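Here's the structure we're looking at; comments come further down.
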Amino acid sequence: MELNKLSLSEIKIGLEKGDFTSTELTSHYLERIDKHDEQLNSFISVTSDHALEQAKAADQRYKNEDALPLDGIPIAHKDIFCTKGILTTCGSRMLSNFESPYSATVYEKLDKQGMVMLGKTNMDEFAMGSSNETSFFGKVKNPWNQDYVPGGSSGGSAACVSAELAPVATATDTGGSIRQPASLCGLTGIKPTYGRVSRYGMIAFASSLDQGGVIARSAEDAALVLEAMSGHDPKDSTSLNLDAPDLTANLNDSIKGMKIGLPKEFFDREIPSFVENSIEEAIAVYKDLGAEIVEVSLKNINLSLPVYYIIAPAECSANLSRYDGVRYGYRCEDPENIEDLFMRTREEGFGAEVKRRILIGTYALSAGYYDAYYLKAQKCRQLVANDFNEAFKNVDVILSPTTPGTSFKAGEKTNDPIEMYLQDIFTIPANLAGLPGLSIPCGEHNGLPLGMQLVGNSLEEAKLLQFAHSFQSNTNWHKKMPNI
Ligand code: GLN
């Protein structure tokens, strides 16, 4: 058995039994990265020395029989999570020289469980994008077909897990950036309820929407890591004051008699027939497993995209105002005066998409326009959340496609931002309502994978993963991996 084929629980058993050491496993992954990542570009930094040190410490703990829960298991972290003393770039020239003085809570929590960091993954600049083409560090390729994009903004995390350069990766999702790349790379990606995972040390894009999560090869793997990442953090004022949920205990429970809602508005949209067929086949699997299918209505769902593209840019314009060349990050050369320093630093440090968002957001928040745009968008956001609340009175989960199609060719949508924004048409509503959502593979078209999305009620990550696991226990889509 090749080490890169093992699931997280198989890795754990292998390490416990002494079939292999964490050092062997970590070296194996580092060799794969060395061999394949020059092409894929899924990592911004590979932290080999650090990884081998962590692996050695894990091996010692196994020897001493005091191993931690996820001891010695390698992981890749999206380069949005601050890691003390290690480069954290957020995919931007603005932070291309930034070594954080502290680590994100997500990193700390996984470190405390013994996980070994292989490196930091590539991403769209400041997590703005759906194709991983906006990174200052170059675009990422989809391992299924290297002419195609891996999705974004967590494209590096998805590409490296799909190419088996890491068994699992952290990611973040503001409007779909975990679920969309998971869908485009044939993986399982989960964004938990807003507030489940601490945002401390996770570089902010749109604070009321950003949420950390996991991209993995199965629901079972995702459950193990998400559980370890979750839980209250006093350092994040929006963190929910709840203990980490048990996400593995009910994975194998039957979903018989449980209800799946199909939002009629999603299916009223024109979706390609191969997407519709895959979703229908997935529904048939769930019916066989005893689930009941119920039509639901999310009548304000069409407001989601326009509402998101007011709120996210508005919050981004506020969050990104801190990058001015004074305290940290990129600074332009030889500024003439303070104004020149601010202007040239920001002009040179940010890419086009980030600038577009800052401009839209600044406009939407400016005096006289705040009520017309931002406030109105917040009210519409509540309407979307109300629709979900109403639907969840009758159903356990809501099922839809994750994306309007399979992956697209690099360059195909770069000149049409609206086309690019439409990638997230199915994923954004869950962020607006703060609900948990996941994507699992459910089909293939022209050799490219396709995902379905399940959205759950607030705090019901365990139920979502139960639905995902029961699908994966009865299908093989998640086992298909690209040939690289
Ligand atoms: N693609 C969306 C955007 O560009 C979502 C990004 C994200 O979830 N970080 O805003």
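Indexing begins at 1, ligand by ligand and atom by atom, following the structure's order. Keep in mind the model is a prediction, meaning the values are calculated, not measured.
The shortest separation from a heavy atom of Gly176 to ligand 1 is under 4.0 Å, placing the residue in contact. Ligand 1 has at least one atom lying under 4.0 Å from a heavy atom of Tyr309. Ligand 1 is never approached by Met420 to a heavy-atom distance shorter than 4.0 Å.
Glu419 and Lys413 are joined by a salt bridge, as a carboxylate oxygen and a charged side-chain nitrogen come within less than 4.0 angstrom of each other. Asp147 has no carboxylate O lying under 4.0 Å from a charged side-chain N of Lys409, or vice versa, which leaves the two without a salt bridge. A salt bridge links Arg356 to Glu353: one of the charged nitrogens lies within less than 4.0 Å of a carboxylate oxygen.
A donor and an acceptor atom, one from each side chain of Ser154 and Lys78, are located under 3.5 Å apart. Asn122 and Ser42 share no donor-acceptor pair across their side chains, judged by distance under 3.5 Å alone. When only modelled atom types and interatomic distance are considered, Glu461 and Thr193 share a side-chain donor-acceptor pair under 3.5 Å.
Per-residue contacts place Ser153 under 4.0 angstrom from the following atoms of ligand 1 (heavy atoms of the residue considered): 9 (N). Atoms of ligand 1 lying under 4.0 Å from at least one heavy atom of Tyr308, given by number and element, are 2 (C), 3 (C), 5 (C), 6 (C), 10 (O). Within ligand 1, the atoms closer than 4.0 Å to a non-hydrogen atom of Ala127 are 6 (C), 7 (C), 9 (N), numbered from 1 in the order shown. For ligand 1, the atoms lying closer than 4.0 Å to a non-hydrogen atom of Ser130 are 1 (N). Contact atoms of ligand 1 toward Asp173: 8 (O) (distance under 4.0 Å to a heavy atom of the residue). Under a 4.0 Å criterion applied to the non-hydrogen atoms of Met128, ligand 1 contributes the atoms 4 (O).
Within the 4.0 Å heavy-atom criterion, neither part of Glu353 lies near ligand 1. When heavy-atom distances to ligand 1 are checked against a 4.0 Å cut-off, Asp424 comes that close only through its side chain, counted from C-beta outward. With a 4.0 Å cut-off on non-hydrogen atoms, Phe126 does not touch ligand 1 at all.
Aromatic ring pairs are classed by plane angle as parallel below 30°, tilted from 30° to 60° and perpendicular above 60°; the pair Phe471 and Tyr286 is tilted. The aromatic rings of Tyr363 and Tyr373 sit tilted relative to each other, their planes meeting at an angle between 30° and 60°.
In this structure, Phe43 and Cys160 approach most closely via the heavy-atom pair CE1-CB, 3.7 Å.
The distance criterion of under 3.5 Å between nitrogen or oxygen atoms is met by Thr174 with respect to ligand 1.
From the protein, the heavy atom lying nearest to atom 6 (C) of ligand 1 is Ser177 OG, 2.9 Å.
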